[in-house]
Amino acid sequence: MISMGKYQLDDKGKAQVRRFHEKQARKQEAKPTSKTALLEKMKKLQSQQKEG
């Protein structure tokens with residue numbers, strides 16, 4: 001079993017923790033890494049809207 005401090009998880013608990021971390025990782029990927037990246041993305045969208 002995986003030991004987390006004084007708590008030990010069974011197979012069901014391990015699966016739940018794994019799903020939680022996978023879900024959190026997807027949320028982090030979806031977010032822009034910095035404000036500059038977000039600004040660049042907005043500028044691109046605005047220029048595409050003006051052209052289209």
Side-chain angles (χ1 to χ4, degrees):
M1 287 190 179
I2 295 175
S3 179
M4 293 179 49
K6 64 180 182 179
Y7 301 102
Q8 292 184 340
L9 300 173
D10 58 355
D11 292 335
K12 197 174 184 180
K14 288 180 199 175
Q16 187 176 9
V17 170
R18 189 178 321 113
R19 282 193 307 270
F20 172 80
H21 287 292
E22 287 173 359
K23 189 175 180 181
Q24 296 302 314
R26 278 187 250 132
K27 284 182 182 179
Q28 290 296 324
E29 291 172 5
K31 290 183 180 180
T33 55
S34 66
K35 288 183 181 180
T36 54
L38 183 60
L39 287 172
E40 289 175 19
K41 192 174 180 180
M42 288 298 294
K43 286 179 184 179
K44 246 184 219 181
L45 286 172
Q46 287 176 349
S47 64
Q48 287 176 355
Q49 288 176 350
K50 287 179 184 177
E51 292 172 3

Please round to the nearest 0.5 Å and tell me the distance separating atom [atom1] of [X] and atom [atom2] of [Y].
X: Thr36; Y: Lys41; atom1: OG1; atom2: NZ; value: 13.0 Å
X: Lys44; Y: Leu39; atom1: NZ; atom2: CG; value: 13.0 Å
X: Leu38; Y: Lys43; atom1: CG; atom2: NZ; value: 11.0 Å

### Task
Might you work through the side chain to side chain contact (heavy atoms under 4.5 Å, CB included) test for Arg26 and Glu22, ending with a clear yes or no?
CA-CA 6 Å; Arg26 278 187 250 132; Glu22 287 173 359; 4.1 Å; yes
### Query
Partners of Gln46 by side chain to side chain contact (heavy atoms under 4.5 Å, CB included), sequence neighbours excluded?
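Side chain to side chain contact (heavy atoms under 4.5 Å, CB included) list for Gln46, sorted by chain: empty.
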#### Entry: Option from Lys12, Gln8, Lys14 for which side chain to side chain contact (heavy atoms under 4.5 Å, CB included) with Asp10 holds
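Only match with Asp10 under side chain to side chain contact (heavy atoms under 4.5 Å, CB included): Lys12.
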